[in-house]
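Right, one structure below, let's go through it.
All residue numbers refer to positions in the sequence shown, counting from 1. On a predicted model such as this, the values are computed, not experimentally measured, just so you know.
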Amino acid sequence: MAVVSVLGLCAVMGVAATPAAVAEAPLPLSARYAKAVSPGATTKIEISATSWSDITSIKALLRPVGVTTVDQTVEGFELVGGTRQDGIWRSLSSVTVAQGRFTIDVELANDTRTVLHRDRGVIENGLDVVFSEFDVSPGTFDIEHATTSFRGRLVHRDAAGVEHAVAGASVGFRASGANEVSSGTDADGRFAGTAALWGTGETKVVFTGDRTYRPVSSAVIPVTLWRLPTRLTFKASPSAGVIGQPVALAGRLERQSVDGVWGALPGKLVTLELYDEDAQTSRKAGTVTTADDGTFTLRIPLPGRGSWFANFVPIEESLYNTRGYEYAYARDDGARSARYASSVTGSDAGPEPVGKGATLTARARIMRRMADGTLTGAPQSNVDLQFSADGEKWSVWTSALTDANGNVTFRTSPDRDGYWRAVVDHWNLVPSTGPADYVDVKYRTTISSFNAAPEPVRKGATITVGGTLKRYVSSWGSWSGQWVYLYFQPRGSSTWTYMAVAKTDRYGKFRKGFKASRDGSWMAKYKGATSYLPGSSGSDYVDVR
């Protein structure tokens with residue numbers, strides 16, 4: 001051991017020291033151990049001690065174990081190893097003790113102090129003892145019957161092998177993880193008691209010795225914790241709910257006793273989880289504690305689609321928590337058919353009116369409500385376009401899937417007036433219906449073979465404007481007896497000016513002559529009727545020279 005002077009230590013610590021201060025400073029002085037050099041009643045004593053200054057005196061004080069009165073004092077020690085500041089000393093002469101066990105106290109002195117250190121060793125001249133009997137019953141137990149009985153006998157065997165009872169001794173029963181239980185021996189050396197066990201492990205009894213007898217431990221007897229089987233019943237209600245809407249998770253935890261009877265298991269933690277099929281991850285819904293009858297309930301908003309799991313996981317920290325039970329779980333697949341609440345927004349059908357046989361375009365956006373209440377577009381969802389002539393009886397006209405943002409577009413050819421609406425019809429969405437939009441269907445009209453001639457034409461000459469009016473009923477055909485309006489737009493102008501009206505003949509043809517006055521374009525229009533859409537021709541430019 002390195003020796004450091006007080007002056008050196010003060011220098012390291014930055015403290016100014018004086019010789020007087022050094023003389024007054026306390027110095028440590030301690031005995032590490034004391035022991036008998038040889039077994040039996042007669043032995044020398046060895047002491048290990050240390051001090052910050054030379055040890056000047058060593059004494060060994062012997063007293064019977066458990067007694068405070070000193071029986072012998074041993075003086076006269078020589079240094080046999082180390083230094084006088086950290087060394088080993090041995091008594092110059094042997095000491096003889098009576099039958100029994102003796103505690104060695106050590107008194108040390110240096111040039112500044114004297115210190116007494118108690119219980120630094122033992123001279124073992126006591127009698128040997130053994131546990132002639134030791135038993136634990138039952139050796140296998142469960143958490144609900146965790147008390148065991150122990151018994152045995154503590155004896156001393158003389159040289160002839162005859163057993164003599166050790167009466168009035170304190171014996172300690174020790175089990176893995178459990179508190180020690182004490183028991184006293186009777187006149188025949190026998191002891192008995194009960195103890196609470198914590199789990200699978202080892203048991204034994206110990207005698208720590210007294211002034212007459214040496215310490216001893218028994219042989220080890222193993223004990224085994226038998227875990228009780230458990231089971232969970234579990235149900236989510238409603239089983240097929242709406243995501244984001246309340247769902248009740250309820251069940252019961254039971255255990256099977258050693259006699260095979262199932263009963264409630266109260267005060268235990270059950271973890272509830274949902275395997276979310278959309279996210280393909282497990283979501284912890286919560287942890288609940290079972291009631292006195294083993295039941296549990298948790299109400300939460302339904303977080304998604306998937307399978308519910310209830311898990312009882314025994315905790316390994318303590319027997320009196322749940323270590324004495326088996327693992328149990330239960331599954332409810334009802335949430336696999338859970339659906340999102342849906343809504344239809346942005347519904348529109350057009351044009352209005354629309355021509356019979358022409359293309360009607362209907363649009364809508366399908367929204368779904370997520371578990372947190374937010375609305376997002378429902379992707380790849382089936383939507384029906386429904387039609388009703390009277391707004392009461394509806395039929396599916398066609399169907400389509402939404403895009404990634406929930407938008408859907410229908411294109412169809414209507415054949416009569418009526419109402420149109422979008423209806424959500426998808427397996428993971430709660431059905432919803434958009435507003436009805438009434439669309440008037442009329443016959444289409446058009447003007448074909450329109451021509452203004454001649455081209456070019458001399459100023460003052462006659463320009464003949466004509467064409468054919470047609471309508472679409474079941475197919476395109478000429479239409480007689482209708483008025484067609486003729487318009488002229490002078491070159492450089494953006495305004496069409498009404499010029500005249502012409503009536504179609506039996507073949508749907510019309511014509512009208514005009515005096516050429518200036519360059520410009522000609523056009524014909526049919527203005528429509530109750531059951532007919534307007535129709536028009538293209539424009540025809542005439543150069544007047």
Side-chain angles (χ1 to χ4, degrees), residues 344-366 381-403 407-425 433-452 465-487 496 501-511 521-540:
V344 181
T345 63
S347 295
D348 181 63
E352 301 180 47
V354 64
K356 182 179 180 182
T359 299
L360 174 73
T361 301
R363 293 183 174 87
R365 189 180 186 201
I366 310 304
S381 298
N382 187 74
V383 183
D384 294 335
L385 179 65
Q386 293 187 347
F387 173 78
S388 174
D390 57 7
E392 296 182 2
K393 297 180 180 180
W394 295 87
S395 60
V396 176
W397 191 273
T398 187
S399 300
L401 291 177
T402 59
D403 63 14
N407 296 307
V408 63
T409 300
F410 304 95
R411 289 182 175 85
T412 187
S413 296
D415 58 3
R416 52 181 167 159
D417 300 345
Y419 299 87
W420 301 90
R421 68 182 185 184
V423 177
V424 176
D425 181 21
T433 302
D437 190 3
Y438 182 82
V439 178
D440 186 12
V441 177
K442 297 186 176 184
Y443 296 112
R444 288 178 286 166
T445 63
T446 187
I447 295 173
S448 64
S449 304
F450 178 74
N451 188 39
V465 178
T468 301
L469 176 63
K470 293 184 176 182
R471 63 178 177 176
Y472 184 91
V473 180
S474 58
S475 62
W476 286 105
S478 299
W479 195 13
S480 64
Q482 303 301 312
W483 294 100
V484 177
Y485 295 80
L486 305 175
Y487 295 86
W496 289 93
V501 63
K503 194 172 187 179
T504 59
D505 62 16
R506 60 185 296 186
Y507 302 107
K509 296 183 180 298
F510 64 88
R511 58 185 300 173
S521 298
W522 293 87
M523 180 183 66
K525 286 186 177 182
Y526 168 69
K527 292 189 175 182
T530 302
S531 300
Y532 292 90
L533 292 173
S536 62
S537 67
S539 62
D540 191 9

Next item on the list: For W397, check ring pair (Phe, Tyr, Trp, His ring centres under 6.0 Å) against everything at least two apart and list the hits.
Entry: F387, W420
Checklist line | ring pair (Phe, Tyr, Trp, His ring centres under 6.0 Å) involving Y438 - partner list, sequence neighbours excluded | finding: Y419
Minimum heavy-atom distance [X]-[Y], with the two atoms named:
| X | Y | value |
| --- | --- | --- |
| T446 | S536 | OG1-O, 4.2 Å |
| D348 | E352 | OD1-OE2, 4.2 Å |
| P351 | L360 | O-CD1, 4.1 Å |
| V465 | A452 | CG2-CB, 4.1 Å |
| A358 | P414 | O-CD, 3.5 Å |
| S537 | I447 | CB-CG2, 3.7 Å |

Side chain proximity check, [X] to [Y], heavy atoms < 4.5 angstrom:
| X | Y | answer |
| --- | --- | --- |
| Y487 | S539 | no |
| T433 | V344 | no |
| V439 | D417 | no |
| T409 | T361 | yes |
| V383 | V423 | no |
| T504 | V484 | yes |
| P534 | K527 | no |

Notebook entry, point to check: Among all residues two or more places apart in sequence or in another chain, which pass the side-chain hydrogen bond (donor to acceptor under 3.5 Å, both in side chains) test with S449?
Noted result: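 None.
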Checklist line | Under the side-chain hydrogen bond (donor to acceptor under 3.5 Å, both in side chains) test, residues paired with Q386 that sit two or more places apart | finding: R421
Apply side chain to side chain contact (heavy atoms under 4.5 Å, CB included) to [X] and list each qualifying residue two or more places apart in sequence or on a separate chain.
| X | answer |
| --- | --- |
| S413 | none |
| L533 | P353, K442, R444 |
| K503 | W483 |
| A362 | A349, L385, F410 |

Next item on the list: Would you list the pairs meeting side chain to side chain donor-acceptor pair (under 3.5 Å) in which at least one residue belongs to residues 471-480, sequence neighbours left out?
Entry: R471-Y532
